[in-house]
Amino acid sequence: MIELQQLRENRDTLIERLQIRGYASAAEELDKVLSLDAERRRVITRLEGMRAEMNTVSKSIGRLIQEGKKEQAAAAQKKTGQMKEDIKFYEESLEKIEKEMDLILINVPNPPHPSVPKGKSAEDNEIVYRNDIEVTLPANAKPHWDLIKDLDIVSLDLGVKISGAGFPVYIGKGARLQRALIQYFLDEAEKAGYVEIQPPLMVNEASGYGTGQLPDKEGQMYHVQIDDLYLIPTAEVPITNLYRDTILKDSQLPVKNCGYTPCFRREAGSYGKHVRGLNRLHQFDKVEIVQVVEPEISYQVLDTMVEHVKGLLQNLGLPFRIALLCGGDMGFTSAKTFDMEVYSAAQEQWLEVSSISNFETFQSNRLKLRYKDADRQTRLPHTLNGSALALPRIFASILENNQNEDGSVTIPEVLRPYTRFDFIGRD
RNA sequence: GGAAGCGUGGCAGAGUGGUCGAAUGCGGCGGUCUUGAAAACCGUUGUACCGCGAGGUACCAGGGGUUCGAAUCCCUUCGCUUCCGCCA
């Protein structure tokens, strides 16, 4: 959520930044908030004046009663009736104004960083990096949905039987490869200084709101209605919400956390070849990295997170590129996002395997996550996170890019200590 | 799931209708003393909002109510503890 004080001071800049997303109604909505804010302050001034008066009268009544001056006390009590009504009236009108303000502010997306390119869709994203790994596939190369069947390492059909489409079952070496990737990613994150967290997989409404999934993505999360809990769509939600309603000391920054969790997404409205095989699932595994940092360094930190993920992909030997997302393709809560995309030669398409974002104060403001800076001022820190990495598409592209003529798949060097086998489909 | 009890500042813990944002202790911060440290002593130490300022308002788990006045009384939600039941 954008900061009210920012809005008061930098209205024009914020509107300009929101234009990068093509957020057409920015000026209209923000001006509405500003006028409500002015009204709100007028009402508060009035209301607090009346409350102060009321408090004075109440105290004097107390004093009179103690002194035994009952008649004077009774006379004073009579006067309070109208005051109470006035106070109630202003309280109600204040509440109404604040609700109206919140309703608008909650639904305004994060203003993009000025370096974010304008644009409407993925086609306008800027490719800022591409590594030099080239893959030459055997003539009989297959997409992963065929490979998993041939090798009998993932069953989509069994998933359909016990759950539904989008819930794969990993079997044998498939399961072990999956676990190896998790272990490898976590080990690398810990080497980079991230503290591992194992969070709950269900969160309450306040948490969904804090990181911005609610109300924006209401329909995208699984909602367990009987207990009013949401299955997490990403570890970002529980791990960042750890710091909700918290004031950190500057010595506690930067916060660097990582965590492995399954992620649950309803993916309502998805269809076609993008959902084929492991490309898009209702449940998938992911290792997430999260940081809470001082605003001054957040964009340097964003770069280090990109470098971290780059290293993982490079070590896995996968061909990949990095896209700087344009305004129109960015998530609701992000100020700047880089996507990492792995090339799947067998599918002949780029698959998004990671998304790394700086949220600036958008989340910390909602979370009431603050810190005391060196001058003991309370400020909002910047929050960042990134996938490092999302498993299924990595799994798929390892299969596709490392397949051999005999139908087997070669395991990348770095994973072998974890898998304890070098090939799938060859013993 | 049933019953009882409890929920106060970073922590511990007073406070059961009136000047309580809240005693006291510990912790934190600043200082005196000291070659330095410890101890001792002095001071200071919640958050948010309104106001140019003086200052004011709100917050004692959350919400609602009673009252001129609520941390204190009532209702309700949530959480914690203990006992019983169930159970990996």
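The chains referred to below are lettered A, B, ... by the order of the sequence lines, with proteins before strands, and numbering in each begins at 1. FYI, side chains are in, hydrogens and waters are out, and symmetry mates aren't considered; it's all heavy atoms of this structure.
Rounded to whole Å, the separation between the P atoms of B:rG7 and B:rA14 comes to 9 Å. Between B:rC73 and B:rA3, the distance separating the two C1' atoms is 24 Å to the nearest Å. As rounded to the nearest Å, B:rU82 and B:rG46 have P atoms that lie 34 Å from one another. To the nearest whole angstrom, the two C1' atoms, one in B:rC78 and one in B:rA39, are 46 Å apart. Spacing of P atoms, B:rA38 relative to B:rG30, comes out at 12 Å, to the nearest Å. Comparing the same atom, P, in B:rU66 and in B:rC74 gives a spacing of 15 Å after rounding to whole Å. A gap of 32 Å separates the C1' atoms of B:rU19 and B:rC41, to the nearest Å. Using C1' as the reference atom, B:rG69 and B:rG17 are 8 Å apart when rounded to the nearest Å.
Two rings, from A:Phe332 and A:Phe362, have their centers less than 6.0 Å apart.
Sorted by first and then second residue, the ring pair (Phe, Tyr, Trp, His ring centres under 6.0 Å) pairs with a member in residues 199-258 of chain A read A:His223-A:Tyr230; sequence neighbours excluded. Sorted by first and then second residue, the pairs that involve residues 375-402 of chain A and meet ring pair (Phe, Tyr, Trp, His ring centres under 6.0 Å), not counting sequence neighbours, are A:Tyr170-A:Phe395. Sequence neighbours left out, not one pair with a member in residues 72-81 of chain A passes side-chain hydrogen bond (donor to acceptor under 3.5 Å, both in side chains). Residue pairs that meet the salt bridge (charged side-chain N to carboxylate O under 4.0 Å, His left out) test with at least one member in residues 43-64 of chain A, sequence neighbours left out, are A:Arg51-A:Glu91. Sorted by first and then second residue, the salt bridge (charged side-chain N to carboxylate O under 4.0 Å, His left out) pairs involving residues 102-116 of chain A (not counting sequence neighbours) form an empty list. Contacts classified as salt bridge (charged side-chain N to carboxylate O under 4.0 Å, His left out) and involving residues 360-371 of chain A (residues at least two apart or in different chains) are given here: A:Arg17-A:Glu360.
Residues A:Thr234 and A:Lys286 bring a donor and an acceptor atom of their side chains to less than 3.5 Å of each other. One side chain, A:Thr383 or A:Gln363, offers a donor N or O that lies under 3.5 Å from an acceptor on the other. For the residue pair A:Tyr371/A:Arg379, the side-chain donor-acceptor check at 3.5 Å is satisfied.
With sequence neighbours excluded, the residues forming a side chain to side chain contact (heavy atoms under 4.5 Å, CB included) with A:Ala206 are A:Asn204, A:Arg244, listed by chain and number.
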Output side-chain donor-acceptor pairs under 3.5 Å for residues 105-118 of chain A, partner residues at least two apart or in another chain, one line each.
residue: A:Asn107; atom: ND2; partner: A:Leu103; partner atom: O; Å: 2.9
residue: A:Asn110; atom: ND2; partner: A:Thr333; partner atom: O; Å: 2.8
residue: A:Asn110; atom: ND2; partner: A:Phe359; partner atom: O; Å: 3.1
residue: A:His113; atom: ND1; partner: A:Ser115; partner atom: N; Å: 3.1
residue: A:His113; atom: ND1; partner: A:Ser115; partner atom: OG; Å: 2.7
residue: A:Ser115; atom: OG; partner: A:Lys336; partner atom: NZ; Å: 2.7

Can you give each donor-acceptor pair under 3.5 Å made by side-chain atoms of residues 147-169 of chain A, sequence neighbours left out, with the distance rounded to 0.1 Å?
residue: A:Asp150; atom: OD2; partner: A:Lys142; partner atom: NZ; Å: 2.6
residue: A:Ser155; atom: OG; partner: A:Asp157; partner atom: N; Å: 3.4
residue: A:Ser155; atom: OG; partner: A:Leu158; partner atom: N; Å: 2.9

Each nucleotide N or O in nucleotides 44-47 of chain B that has a protein N or O under 3.5 Å away: list the pair and distance.
residue: B:rU47; atom: OP1; partner: A:Lys372; partner atom: NZ; Å: 2.3
residue: B:rU47; atom: O3'; partner: A:Arg370; partner atom: NH1; Å: 3.2

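For B:rA48, the paired nucleotide is B:rU57, the pair qualifying as Watson-Crick or G-U wobble because both relevant distances are below 3.5 Å. When both distances must be under 3.5 Å, the Watson-Crick or G-U wobble mate of B:rU34 does not exist. Under the Watson-Crick or G-U wobble criterion, with both distances below 3.5 Å, B:rC83 is paired with B:rG2. Using Watson-Crick or G-U wobble geometry with both donor-acceptor distances under 3.5 Å, B:rC29 finds its partner in B:rG43. Summarising the base pairing, B:rA88 is matched to no nucleotide, lacking a Watson-Crick or G-U wobble pair whose two defining distances lie under 3.5 Å. With a cut-off of 3.5 Å on both Watson-Crick or G-U wobble distances, the partner of B:rG7 is given as B:rC78. When both pairing distances are held under 3.5 Å, B:rU66 makes no Watson-Crick or G-U pair with any nucleotide shown.
One atom, CG of A:Asp86, and another, P of B:rU57, lie 17 Å apart when rounded to the nearest Å. Spacing between atom CD of A:Gln5 and atom C1' of B:rA48 amounts to 13 Å, rounded to whole angstrom units. Atom CE in A:Met83 sits about 12 Å away from atom P in B:rU57, given to the nearest Å. Atom OH in A:Tyr90 sits roughly 17 Å away from atom P in B:rA58 (whole-Å rounding). Atom-to-atom, CG of A:Leu94 to P of B:rC59 comes out at 14 Å; the value is rounded to the nearest Å. The NZ atom of A:Lys249 sits 9 Å away from the P atom of B:rG28 (whole-angstrom rounding).
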Letter per nucleotide, 5' to 3', of nucleotides 50-56 of chain B [B base touched, S only sugar-phosphate touched, - untouched; heavy atoms, 4.0 Å]: BS----B
Per-nucleotide protein contact string for nucleotides 60-75 of chain B, where B marks a base within reach and S marks sugar-phosphate only (heavy atoms under 4.0 Å, - for neither): --------BS------
